[in-house]
Student: 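Below: one structure in structure tokens.
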Amino acid sequence: MDEKEFETFDFMVNDEDEVMLLMYEREGEPLEAKITLSPEDNSAILVRRPGEEILLSDISNDIFDSLAEADKLLVCELNRVEDEDDTEIVHAYEADIQD
């Protein structure tokens, strides 16, 4: 898999309208994660740990609608493997949603 492909992310919404962010693992443990949403730009900035910001762009309006009443976002980081059948969750944590 190309390194650029490991920079991708996706959002999933369950039947209860709860949102989860899926992305590939980053170096180091997540710490005090928070996310700032920018619906007007269809983007968000995830602060995975102090000093580490990840820009998430091209987010659909449906995701922002689902996050409108939420105060936390579940983030799951997946291991970086070539074979999708070997994919596992390495880190699962909540990011506080900032205004």
Side-chain angles (χ1 to χ4, degrees):
M1 203 180 270
D2 184 308
E3 186 66 27
K4 186 109 174 124
E5 291 181 63
F6 287 122
E7 297 301 316
T8 61
F9 65 91
D10 199 8
F11 287 94
M12 296 181 70
V13 181
N14 67 14
D15 292 338
E16 286 81 39
D17 207 32
E18 298 168 323
V19 181
M20 176 175 57
L21 169 61
L22 294 170
M23 59 187 232
Y24 287 101
E25 70 180 312
R26 302 302 202 268
E27 192 172 317
E29 294 286 323
L31 178 67
E32 300 173 13
K34 58 187 173 188
I35 188 164
T36 303
L37 306 176
S38 298
E40 61 281 352
D41 297 327
N42 292 87
S43 67
I45 295 178
L46 173 66
V47 177
R48 189 174 171 275
R49 54 189 298 128
E52 181 184 357
E53 294 184 352
I54 301 168
L55 175 63
L56 308 171
S57 57
D58 299 321
I59 301 170
S60 76
N61 289 330
D62 293 340
I63 297 301
F64 289 109
D65 290 345
S66 294
L67 289 170
E69 299 298 318
D71 58 348
K72 295 189 182 290
L73 170 67
L74 178 62
V75 180
C76 291
E77 295 185 19
L78 309 173
N79 60 342
R80 297 176 179 233
V81 293
E82 296 291 329
D83 187 351
E84 288 184 17
D85 291 337
D86 294 332
T87 301
E88 296 178 355
I89 295 173
V90 178
H91 301 289
Y93 53 95
E94 291 182 330
D96 290 329
I97 298 175
Q98 307 292 297
D99 293 329

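Bear in mind the structure is a predicted one, so any value in this text is a computation, not a measurement.
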Student: Please answer: with hydrophobic residues joined when any side-chain heavy atoms are less than 4.5 Å apart, are I45 and L67 in the same cluster?
Tutor: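 No; L67 is not reachable from I45 via cluster members.
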
Student: Look up atom CD1 in I35 and atom NZ in K72, then write down how far apart they are to the nearest 0.5 Å.
Tutor: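 If I round to the nearest 0.5 Å, the distance is 13.0 Å.
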
Student: On a heavy-atom basis, which atom in S43 and which in L55 lie closest, and how many Å separate them?
Tutor: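 Looking at all heavy atoms of both residues, the closest pair is CB-CD1, 4.2 Å.
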
Student: Do you reckon V90 sits in the same ILVMFWY cluster as V81, going by side-chain contacts under 4.5 Å, direct or chained?
Tutor: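 Different hydrophobic clusters.
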
Student: May I ask you to test the L46-L21 pair for a side-chain heavy-atom distance under 4.5 Å?
Tutor: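 A side-chain contact exists here, since the closest heavy-atom pair is under 4.5 Å.
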
Student: Between the side chain of Q98 and the main-chain N/O of K34, is any donor-acceptor distance below 3.5 Å?
Tutor: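 Absent.
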
Student: Would you indicate whether M12, at its atom CE, is surrounded by more than 12 heavy atoms from other residues, nucleotides or ligands within a distance under 6.0 Å?
Tutor: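 No - once you tally the heavy atoms of other residues, nucleotides and ligands closer than 6.0 Å, there are 12 at most.
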
Student: Yes or no on side chain to side chain contact (heavy atoms under 4.5 Å, CB included) for D96 and D71, after CA distance, side-chain angles and deciding distance?
Tutor: CA-CA 6 Å; D96 290 329; D71 58 348; over 6 Å; no

Student: Nearest 0.5 angstrom please: E25 CD to H91 NE2, how far?
Tutor: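 Between E25 CD and H91 NE2, I get 6.0 Å after rounding to 0.5 Å.
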
Student: Kindly work out whether a path of hydrophobic side-chain contacts (I/L/V/M/F/W/Y, heavy atoms less than 4.5 Å apart) joins I59 to V47.
Tutor: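 In one cluster with I59: V47, no.
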
Student: Looking at CG of N14 and OG of S66, how far apart are the two atoms once the value is rounded to the nearest 0.5 Å?
Tutor: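 Rounded to the nearest 0.5 Å, the CG-OG separation comes to 9.0 Å.
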
Student: Looking at V19 and I63, what are the two nearest heavy atoms and their distance?
Tutor: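 Here V19 and I63 meet closest at CG1-CG2, 4.2 Å.
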
Student: Mind checking the OH-CG spacing from Y93 to L31? Nearest 0.5 Å is all I need.
Tutor: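 Those atoms lie 11.0 Å apart.
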
Student: Counting only heavy atoms not in E69 (residues, nucleotides, ligands), do more than 12 fall under 6.0 Å from its CD?
Tutor: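 At most 12 heavy atoms, drawn from other residues, nucleotides or ligands, come within 6.0 Å of this atom.
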
Student: In Å, rounded to the nearest 0.5 Å, how long is the span from OG of S57 to CD1 of I54?
Tutor: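 Output value for this atom pair is 12.5 Å.
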
Student: Working to the nearest 0.5 Å, report the span between OG1 of T87 and CZ of R80.
Tutor: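 Reported to 0.5 Å precision, the distance equals 12.5 Å.
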
Student: Do F11 and L56 have side-chain heavy atoms sitting under 4.5 Å apart?
Tutor: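 Yes, their side chains come closer than 4.5 Å.
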
Student: What residues, two or more places apart in sequence or in another chain, satisfy side chain to side chain donor-acceptor pair (under 3.5 Å) together with E52?
Tutor: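 Here the qualifying residues are R48.
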
Student: Return the set of residues passing side-chain contact (heavy atoms from CB on, under 4.5 Å) with D83 (not counting sequence neighbours), or none when no residue passes.
Tutor: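 D83 satisfies side-chain contact (heavy atoms from CB on, under 4.5 Å) with D85, D86 once adjacent residues are dropped.
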
